[in-house]
Student: 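Mind looking over this structure? Questions follow.
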Amino acid sequence: DLRTSIDGFKFDNVFMNASGVRCYTEQELDELVQSDAGTLVTKSATQAKRLGNPSPRYARLELGSINSMGLPNEGLDYYLNYALNFQKAHPDQPIFISVAGLSMEENLAMAHTIEDSDFNGLVEFNLSCPNVPGKPQTGYDFDRTQEVLTNLFSFFTKPAGVKLPPYFDLAQFDQMAAILNQFPLKFVNSINSLGNGLMIDPETDTVLIKPKGGFGGVGGAYAKPIALANVRAFAQRLNPQIQIIGTGGITNGRDAYDLILAGASLVQVGTLLQEEGPAVFTRLKRELAAVMQTKGYTQISDFKGQLKTL
Ligand code: DHB
């Protein structure tokens with residue numbers, strides 16, 4: 001039994017895509033719906049459609065990936081329409097919409113659009129896109145994060161959470177958790193990619209992606225210990241009503257198990273889903289169920305957050 005829930009929203013299993021991966025077009029979203037994923041999130045939306053950065057803008061690495069997509073997306077209305085149609089056909093299968101405005105004003109305008117719509121799923125406010133030149137990640141500016149959330153929750157009443165960048169100092173976890181705990185968030189999603197990494201092709205002495213001189217967000221196995229630390233650190237600091245979505249470093253069912261041990265209620269798959277396609281969810285479900293069986297666990301709550309220390 002891999003079922004889970006967030007704020008009364010029930011999901012058939014703990015697995016979903018990470019936003020950005022295979023969730024750009026209706027066709028990709030439909031393929032996620034058809035897959036064994038427990039739910040899905042749409043590509044981070046801006047108000048208007050965007051083409052994003054020049055290609056190549058994604059590269060596979062030995063242990064993961066690097067990307068600087070630059071927020072290519074079809075615009076909020078496209079994803080909101082998809083979600084409204086989906087919820088009509090599948091009223092018992094809640095999904096997520098991801099929102100990533102390039103300014104606070106754009107985020108608030110999109111939040112108003114969603115608030116005024118019939119959308120009845122969850123909204124992921126992405127405070128951690130590293131790839132738009134000249135636009136720093138909100139999640140690394142604590143005062144700005146406080147300001148965005150204050151303005152947002154002055155009117156926004158639908159179930160919402162935030163997607164955060166990775167933090168690396170325990171004082172950052174203390175400060176960010178103290179901010180997040182002031183708001184009626186339903187979830188916190190950690191982590192987005194390791195921002196602004198760089199890899200070099202040894203044959204040509206060249207960077208691997210074109211935007212920003214080769215700098216881009218790193219995902220995959222490189223992210224696993226950072227993701228675990230961020231999930232664990234927030235699980236230890238956030239109000240218990242705020243559930244955690246664990247993202248980063250999943251290549252097999254044991255990786256998902258580890259994120260859940262650290263405190264995650266749902267887990268998102270990015271690089272691995274990009275590389276293997278939506279059939280990966282079938283394998284991950286089987287592998288997670290096998291780990292649970294070995295441990296004698298029958299449901300997620302048997303081990304969620306039960307990480308042991310020495
Ligand atoms: C993009 C990358 C991200 O990591 C993110 O959170 C949002 C957008 C992108 O480059 O498109």
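Numbering of residues begins at 1 and proceeds along the displayed sequence.
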Student: Check whether any side-chain heavy atom of Val21 sits under 4.5 Å from a side-chain heavy atom of Val269, and report yes or no.
Tutor: no
Student: Between Asn73 and Ser44, does any side-chain donor sit less than 3.5 Å from a side-chain acceptor?
Tutor: no
Student: Go through the steps for Leu102 and Thr46 under the test side-chain contact (heavy atoms from CB on, under 4.5 Å), then give the verdict.
Tutor: CA-CA 7 Å; Leu102 300 183; Thr46 49; 4.3 Å; yes
Student: Determine whether the aromatic ring centres of residues Phe187 and Phe9 are separated by less than 6.0 angstrom.
Tutor: no
Student: Is the backbone N or O of Gly253 less than 3.5 Å from a side-chain atom of Glu287, with the two atoms forming a donor-acceptor pair by type?
Tutor: yes
Student: If we count only N and O atoms by modelled type, under 3.5 Å, do the side chains of Asn67 and Asn131 hold a donor and an acceptor together?
Tutor: yes
Student: Quick one: are Phe11 and Ile6 in side-chain contact, heavy atoms under 4.5 Å?
Tutor: yes
Student: Parallel, tilted or perpendicular: which describes the rings of Phe173 and Phe234, with under 30° parallel and over 60° perpendicular?
Tutor: perpendicular
Student: State the OG-CD1 distance between Ser265 and Ile242, to the nearest 0.5 angstrom.
Tutor: 12.0 Å
Student: State, without any angle test, whether Thr282 and Asp36 hold a side-chain donor-acceptor pair at a distance under 3.5 Å.
Tutor: yes
Student: Quick one, Gln274 and Tyr58 - any side-chain contact, counting heavy atoms below 4.5 Å?
Tutor: yes
Student: Could you pull out the closest heavy-atom pair between Gly216 and Ser68, with the gap in Å?
Tutor: CA-CB, 4.4 Å
Student: Are Tyr82 and Asp30 linked by a side-chain donor-acceptor pair shorter than 3.5 Å?
Tutor: yes
Student: With a 4.5 Å limit on heavy-atom distance, are the side chains of Arg237 and Met176 in contact?
Tutor: no
Student: Of all the heavy-atom pairs spanning Gly70 and Arg50, show the shortest one and how long it is.
Tutor: O-NH2, 2.8 Å
Student: If only atom types and distance count, is the side chain of Asn181 paired as donor or acceptor with the main-chain N or O of Ala178 below 3.5 Å?
Tutor: no
Student: Indicate whether any N or O donor in one side chain lies under 3.5 Å from an N or O acceptor in the other, for Asp143 and Thr145.
Tutor: no
Student: In terms of heavy-atom contacts, does CZ of Arg254 have more than 12 from other residues, nucleotides or ligands at under 6.0 Å?
Tutor: yes
Student: Can you check whether Leu180 reaches Leu164 side chain to side chain, under 4.5 Å on heavy atoms?
Tutor: yes
Student: Should the pair Tyr140 and Tyr167 be assigned to parallel (<30°), tilted (30 to 60°) or perpendicular (>60°) ring geometry?
Tutor: perpendicular
Student: In the single-linkage hydrophobic clustering (I, L, V, M, F, W, Y; side-chain heavy atoms under 4.5 Å), do Leu198 and Ile226 co-cluster?
Tutor: no
Student: Salt bridge or not between Glu28 and Lys43? Use side-chain N to carboxylate O under 4.0 Å.
Tutor: no
Student: Evaluate the side chain to side chain donor-acceptor pair (under 3.5 Å) criterion for residues Thr25 and Glu74: first the C-alpha distance (whole Å), next the side-chain angles of each, then the deciding distance (0.1 Å), finally the verdict.
Tutor: CA-CA 8 Å; Thr25 63; Glu74 296 285 356; over 6 Å; no
Student: Check whether the side chains of Asn53 and Lys212 place a donor and an acceptor atom closer than 3.5 Å, and report yes or no.
Tutor: no
Student: Verify whether one side chain among Ser98 and Asn126 offers a donor that lies under 3.5 Å from an acceptor in the other.
Tutor: no
Student: Do you know which two heavy atoms are closest between Asn189 and Lys163, and how far apart they sit?
Tutor: ND2-CD, 3.2 Å
Student: Pair Leu152, Asn107 - check side-chain contact (heavy atoms from CB on, under 4.5 Å), show working.
Tutor: CA-CA 8 Å; Leu152 178 66; Asn107 275 320; over 6 Å; no
Student: Do Asp258 and Lys224 sit within salt-bridge range, that is, some charged N less than 4.0 Å from a carboxylate O?
Tutor: yes
Student: Honestly curious: do Leu208 and Phe215 fall in one hydrophobic cluster under the side-chain, below-4.5 Å linking rule?
Tutor: no
Student: Mind telling me whether Phe86 and His90 have parallel, tilted or perpendicular rings, with 30° and 60° as the class edges?
Tutor: parallel
Student: For residues Tyr297 and Lys304, determine if any side-chain heavy atom of one lies less than 4.5 Å from a side-chain heavy atom of the other.
Tutor: no
Student: Using atom types as modelled and distance alone, determine if a side-chain donor or acceptor of Arg283 lies under 3.5 Å from a backbone N or O of Asn252.
Tutor: no
Student: Give me the ring orientation class for Phe155 and His112: parallel if the planes are under 30° apart, tilted from 30 to 60°, perpendicular past 60°.
Tutor: parallel
Student: What I'd like to find out is whether the side chain of Asp255 reaches to under 4.5 Å of the side chain of Leu272, using heavy atoms alone.
Tutor: no
Student: Strictly by modelled atom types, are Ser190 and Asn230 linked by a side-chain donor-acceptor pair under 3.5 Å?
Tutor: no
Student: Please say yes or no: joined through hydrophobic side-chain contacts below 4.5 Å, possibly via intermediate residues, are Phe125 and Leu266 part of one cluster?
Tutor: no
Student: Nearest 0.5 angstrom please: Arg22 CZ to Leu273 CG, how far?
Tutor: 6.0 Å
Student: Could you grab the distance from atom OG1 of Thr298 to atom CE of Met292, nearest 0.5 Å is fine?
Tutor: 6.5 Å
